[in-house]
Amino acid sequence: MTTTAGRRKPRGHRPLSKQIHLAAHFPGVNNTTVWTDPLSRSQIDFASFEHLARTAERGLFDFFFLAEGLRLREHKGRVHDLDVVGRPESLTVLNALAAVTERLGLAATVNATFNEPYETARRFATLDHLSGGRAAWNVVTSSDAFTGENFRRGGYLDRADRYTRAAEFVATARELWDSWTPGGQSRPFAHTGRHFDIEGEFTLPRSPQGHPVVIQAGDSPEGREFAASAADVIFTRHGTPEAGRAFYADVKGRLAKYGRTAGDLKIMPGVTVVLGDTAAEAQERAAGIRRRQVSPQNALLTLEQIWGVDLSSYDPDGPLPDIDPVVDSGLSQGRTKRGDPRAVAEQWRALSRAKGLSIRQTVIETTARQSFIGTPQAVAAELDEFVQSDAADGFILVPHLTPGGLDEFVDQVVPLLQERGAYRTEYTGTTLRSHLGLREPVRPAREEGLTV
Amino acid sequence: MTTSTGRGLLHLAAAVDQPDTYDADPYLTLTRLAERGALDFVTLGDSFGRPGPDALAVLSRVAPATARIGLVPTVTTTHTEPFHVQAAVATLDWVSRGRAGWRPEVSATEEEARLFGRRAAAPAAELWGEAGEVADVATRLWDSWEDDAEIRDVATGRFIDREKLHHVDFQGATFSVRGPSIVPRPPQGHPVTVVDTAQQHAFDVAARHADVALVNAAGPAQAAAVRAGLRRRAAEYGRDPDALRVLAALRIDLGGGEHAAVPGHGGGGPLPSELGPLYRGGPVDLADLVAAWHRAGAVDGFHLTPVEPRRDLERLVNGTVPLLQHRGLFRTFYPGSTFREHLGLARPANQYAALAGDPS
């Protein structure tokens, strides 16, 4: 990546440097978590969560992020057994982490399809109170009937309804969070909309952050619009600086029509970092991690998820199948789809032919996330440049190891970002909203003039 | 039955409820106090229909800051998803390293139903039937992972042995769950289920599903009768009655000096009140009352709800508990580390592992 000469000047010459935001993702249920590493520990013991959260706080991160599980993935009608399986319930873990951290933001994914606004608003308001203003809610949706088999609701929402429900869900939660008077008196609320018709009194006063921070993940047009209208942070996935800048400009450009400014929404892609003493060593380590992430068994599985048929007779070190995928075969369930299987297959075969790649090599190459690979100095410079050039406001780091996967980054890269003047040297506030530089939500107009 | 009377070592528990309290510290203070007294567990009530934080969240917040005491939040089953409920309770067991319990409760009012807008209020009998089903599916989901399901077998690339994960395929009257759980089997196998039998429809749920039953009784004879009834009903459900601990629920007001406010009340009582049996007096006479019930073999212990939380819990822990310890009726330290161990209850066998019937 090119860097202007001015940006290489020592601290003090660039006092207006945009500040980088950092967050940590606990390695989750997928093949990016390398459980075969000798340093890999439990994905369920509290000690693992405590270690990673304390490391993130030592690194002055904005928040610690936990994904959600609603049903175990299945493949060929049986529980998927190759990757890390099983995780605790996110909000319960975050409440416990509030006891062993002091400043770190605590973010949980909670689905807006298989939950209800009253209970969800209450759980996040509780976390915000118990953590002194550090709660965040990553709002996602699901219309998956497979997942629905674990819930009273079942699976019933089509794509459009999912988003209107999610938007109304968040708006309703905000009404509940605002429902007590500034003096701390409970007051009745009533919400009647397309998806929810509820009334009563909320059980908690307004929480330390006013509203817990709202995060939105996803890249569809509906998702971008939803984020622009209602989210404080958007969790993205854009591989190149160019794609990042295009996304950044698009989403920030949508804010004005909701009366919001660029600073009101932080854009944070999920990224991985691999360090080495030299560039070559870092590349070698990164390749080793990718080989362990994509085992021969995982390479075939990934292919079966696209082709929709049993490919167990294929050699992972051999060429890709020349048969066409079966669309909607239902072979694999509970996993995000990669787009039109026929198009993906054609693209992967072309890549394989052009570069002479085997099945496993092709999967390794096509399923890589945004990565920053290099010496700590190079990675710090690249992260900084990414943010200074408005390809992002910061990053959600997704380590490949539980729980020590952030140790190196915090020890080696964070000090360099601080030297560059692009990263805090201490927490200046106590709430997540203050770490992110977000304003406290304004109470609705009807609040004005209330004296209690 | 080896123990037909409740004359083993006493079990003591306390409520840590505090009105208008939304911060963690006051709950932590009371729980630590109870832990200093070596109590078996603390409870925290909950309801969607009145002010207060989510009880399971509060006790999760308390868990890493305490070491031994059992943690029992009320968890309502009427408007929640059973799958979410069991996952949260199992996770409380993980974050507390084997100290979780839960107290299922129903939401019977129209006001609570309107907070969700999904279903109308229903009769208590129906809701307790559903609560029993939630308790049932919870144990199935906690068992849906066998203890040794995680194998990390590098040679075959398998993280788990999927033969040791099970769909539960539960079909209840108001919900169904396919399973398996998202959370691996918790440290205690099953977190401890506590059921308050104050409502008549809860009696059957307690006999069938509870590890600990709370009973309201005006005196030792009545308590003994309720305990015998619970044990009889548990046996009818095919359970070992000795795997059920019956605790008398007692509100305590220890503001009355060293002796009972009502002459002759110490060692007798309690007095009926709107919120259940109430003891009012001093910590010494409370010890007499507890010892007398113990002598009569009426219950396995007490669940005490302080009227003035901070004051009464301090007097309980500093006054009553040492007296009971001195008489050899109550532990002086925690010999075990899990809540089940405090209660003297075994870690449950896995119902699916048993079904597999592997003879090796």
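In what follows, chains are A, B, ... by sequence order, proteins preceding strands, each numbered from 1.
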Rounded distance (nearest 0.5 Å) linking atom CZ of Arg152(B) with atom OG of Ser42(A):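 Taking CZ in Arg152(B) and OG in Ser42(A), the distance rounds to 6.5 Å.
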
Atom group of Leu70(A) that falls short of 4.5 Å from chain B, counting heavy atoms: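 Both parts, heavy atoms under 4.5 Å.
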
Nearest heavy atoms of Gly52(B) and Arg122(A), plus distance in Å: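 For Gly52(B) versus Arg122(A), the nearest heavy atoms are O-NH2, 3.4 Å.
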
Pairs of heavy atoms under 4.5 Å with chain A: top-ranked of Ala24(B), Pro186(B), Pro184(B), Gly172(B):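 Max contact count across the listed options: Pro184(B).
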
Residue selection (most heavy-atom pairs with chain A, distance under 4.5 Å) from Ala90(B), Gly179(B), Gly117(B):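 The answer is Gly179(B).
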
Separation between CG of Leu165(B) and CG of Asp81(A), rounded to the nearest 0.5 Å: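 Output value for this atom pair is 9.5 Å.
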
Contact class of Ala63(B) relative to chain A, heavy atoms under 4.5 angstrom: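 Neither part.
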
Short side-chain to backbone donor-acceptor contact, Glu81(B) and Asn115(A), under 3.5 Å: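 No, because the side chain of Glu81(B) does not come within donor-acceptor range (under 3.5 Å) of the backbone of Asn115(A).
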
Top contributor to chain A interface from Ala65(B), Pro82(B), Ser96(B) [non-hydrogen pairs under 4.5 Å]: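 The answer is Pro82(B).
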
Donor + acceptor pair across side chains of His167(B), Glu149(A) (<3.5 Å):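 Judged by distance alone, the side chains do not pair up.
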
Reported CG-to-NE2 distance for the pair Asp23(B) and His129(A), which is rounded to 0.5 angstrom: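 Atom-to-atom, Asp23(B):CG and His129(A):NE2 are 8.0 Å apart.
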
Between Thr203(A), Leu94(A), Leu91(A), Leu204(A), the one whose heavy-atom pairs under 4.5 Å with chain B are most numerous: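 If we count pairs closer than 4.5 Å to chain B, Thr203(A) comes out on top.
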
Inter-residue atom distance Thr126(A).OG1 - Arg61(B).CZ, 0.5 Å rounding: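 CZ of Arg61(B) is found 13.0 Å from OG1 of Thr126(A).
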
Contact origin within Ser181(B) toward chain A - heavy atom pairs under 4.5 Å: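 Only the backbone of Ser181(B) comes within 4.5 Å of chain A.
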
Heavy-atom pairs under 4.5 Å with chain A, option from Val177(B), Leu115(B), Thr156(B) with the top count: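 Top option by heavy-atom pairs under 4.5 Å: Leu115(B).
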
Side chain / backbone / both / neither for Ser40(A) at chain B, heavy atoms under 4.5 Å: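 For Ser40(A), the contact with chain B is made by backbone and side chain together.
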
Rounded distance [0.5 Å steps], OG1 in Thr36(A) versus CZ in Phe159(B):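 CZ of Phe159(B) is found 11.0 Å from OG1 of Thr36(A).
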
Shortest non-hydrogen contact from Phe114(A) toward His84(B):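 That would be O-NE2, 2.9 Å.
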
Which atoms of Val100(A) approach chain B - backbone, side chain, both or neither, heavy atom under 4.5 Å: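 The side chain, not the backbone.
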
Residue Leu56(B) versus chain A: region with a heavy atom under 4.5 Å: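 Contact with chain A involves the side chain of Leu56(B) alone.
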
When Val95(B), Leu28(B), Thr91(B) are compared by non-hydrogen pairs under 4.5 Å with chain A, the top option: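 Most heavy-atom pairs under 4.5 Å with chain A: Thr91(B).
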
Among Gly200(A), Ser90(A), Pro205(A), Ala190(A), residue most engaged with chain B (heavy-atom pairs, under 4.5 Å):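 Highest number of heavy-atom pairs under 4.5 Å: Pro205(A).
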
Among the listed options Phe151(A), Phe189(A), Phe196(A), Phe46(A), the residue most often paired with chain B at heavy-atom distances under 4.5 Å: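 Max contact count across the listed options: Phe151(A).
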
Among Gly132(A), Pro208(A), Pro88(A), Ser131(A), residue most engaged with chain B (heavy-atom pairs, under 4.5 Å):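 Ranked by heavy-atom pairs under 4.5 Å with chain B, first place is Pro88(A).
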
Proximal component of Arg119(B), with respect to chain A [non-hydrogen, under 4.5 Å]: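 Side chain only.
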
Glu163(B), part contacting chain A, at a heavy-atom distance under 4.5 Å: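 Just its side chain gets close to chain A.
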
Proximal component of Glu150(B), with respect to chain A [non-hydrogen, under 4.5 Å]: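 Side chain only.
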
Which atom of Tyr22(B) lies closest to which atom of Trp180(A), heavy atoms considered: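 Minimum heavy-atom separation between Tyr22(B) and Trp180(A): OH-CH2, 3.4 Å.
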
Region of Asp25(B) in contact with chain A, defined by heavy-atom distances below 4.5 Å: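 Neither; nothing under 4.5 Å.
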
Lys/Arg N to Asp/Glu carboxylate O, Arg152(A) vs Glu130(B), below 4.0 Å: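 Yes, charged N to carboxylate O under 4.0 Å.
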
Region of Ala88(B) in contact with chain A, defined by heavy-atom distances below 4.5 Å: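 Both backbone and side chain.
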
Side chain proximity check, His79(B) to Glu116(A), heavy atoms < 4.5 angstrom: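 In short, these two side chains do not touch, never coming nearer than 4.5 Å.
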
Contacting region of Val62(B) [heavy-atom separation from chain A under 4.5 Å]: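 No part of Val62(B) comes within 4.5 Å of chain A.
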
Nearest atoms (heavy-atom pairs only) where Ala47(A) meets Arg97(B):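 Closest heavy-atom pair between Ala47(A) and Arg97(B): N-NH2, 3.6 Å.
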
Winner by heavy-atom pair count (cut-off under 4.5 Å) against chain A, out of Phe175(B), Phe48(B), Tyr27(B), Phe116(B):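 Most heavy-atom pairs within the cutoff with chain A belong to Phe48(B).
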
For the student: nearest non-hydrogen atoms of Asn95(A) and Ser60(B), plus distance: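 So the two residues come closest at CB-CB, 3.8 Å.
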
Minimal non-hydrogen separation, Pro180(B) against Leu72(A), with atom names: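 Between these two residues, the closest heavy atoms are CG-CD1, 3.6 Å.
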
Interatomic spacing from CD in Glu111(B) to CD in Glu199(A) - rounded to 0.5 Å: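 If we round to the nearest 0.5 Å, Glu111(B):CD and Glu199(A):CD are 9.5 Å apart.
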
Chain A contact via Arg50(B) - side chain, backbone, both or neither, heavy atoms under 4.5 Å: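 Just the backbone, heavy atoms under 4.5 Å.
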
Pick from Glu50(A), His191(A), Arg123(A), Glu74(A) with the largest number of heavy-atom pairs that fall under 4.5 Å of chain B: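 So the answer, after comparing Glu50(A), His191(A), Arg123(A), Glu74(A), is Glu74(A).
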
Check: Val79(A) main-chain N/O paired with Arg162(B) side-chain donor or acceptor under 3.5 Å: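 Confirmed, Arg162(B) side chain pairs with Val79(A) backbone.
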
Region of Thr80(B) in contact with chain A, defined by heavy-atom distances below 4.5 Å: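 Both backbone and side chain of Thr80(B) come within 4.5 Å of chain A.
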
Check: Val183(B) main-chain N/O paired with Arg87(A) side-chain donor or acceptor under 3.5 Å: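 Not a single qualifying donor-acceptor pair exists.
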
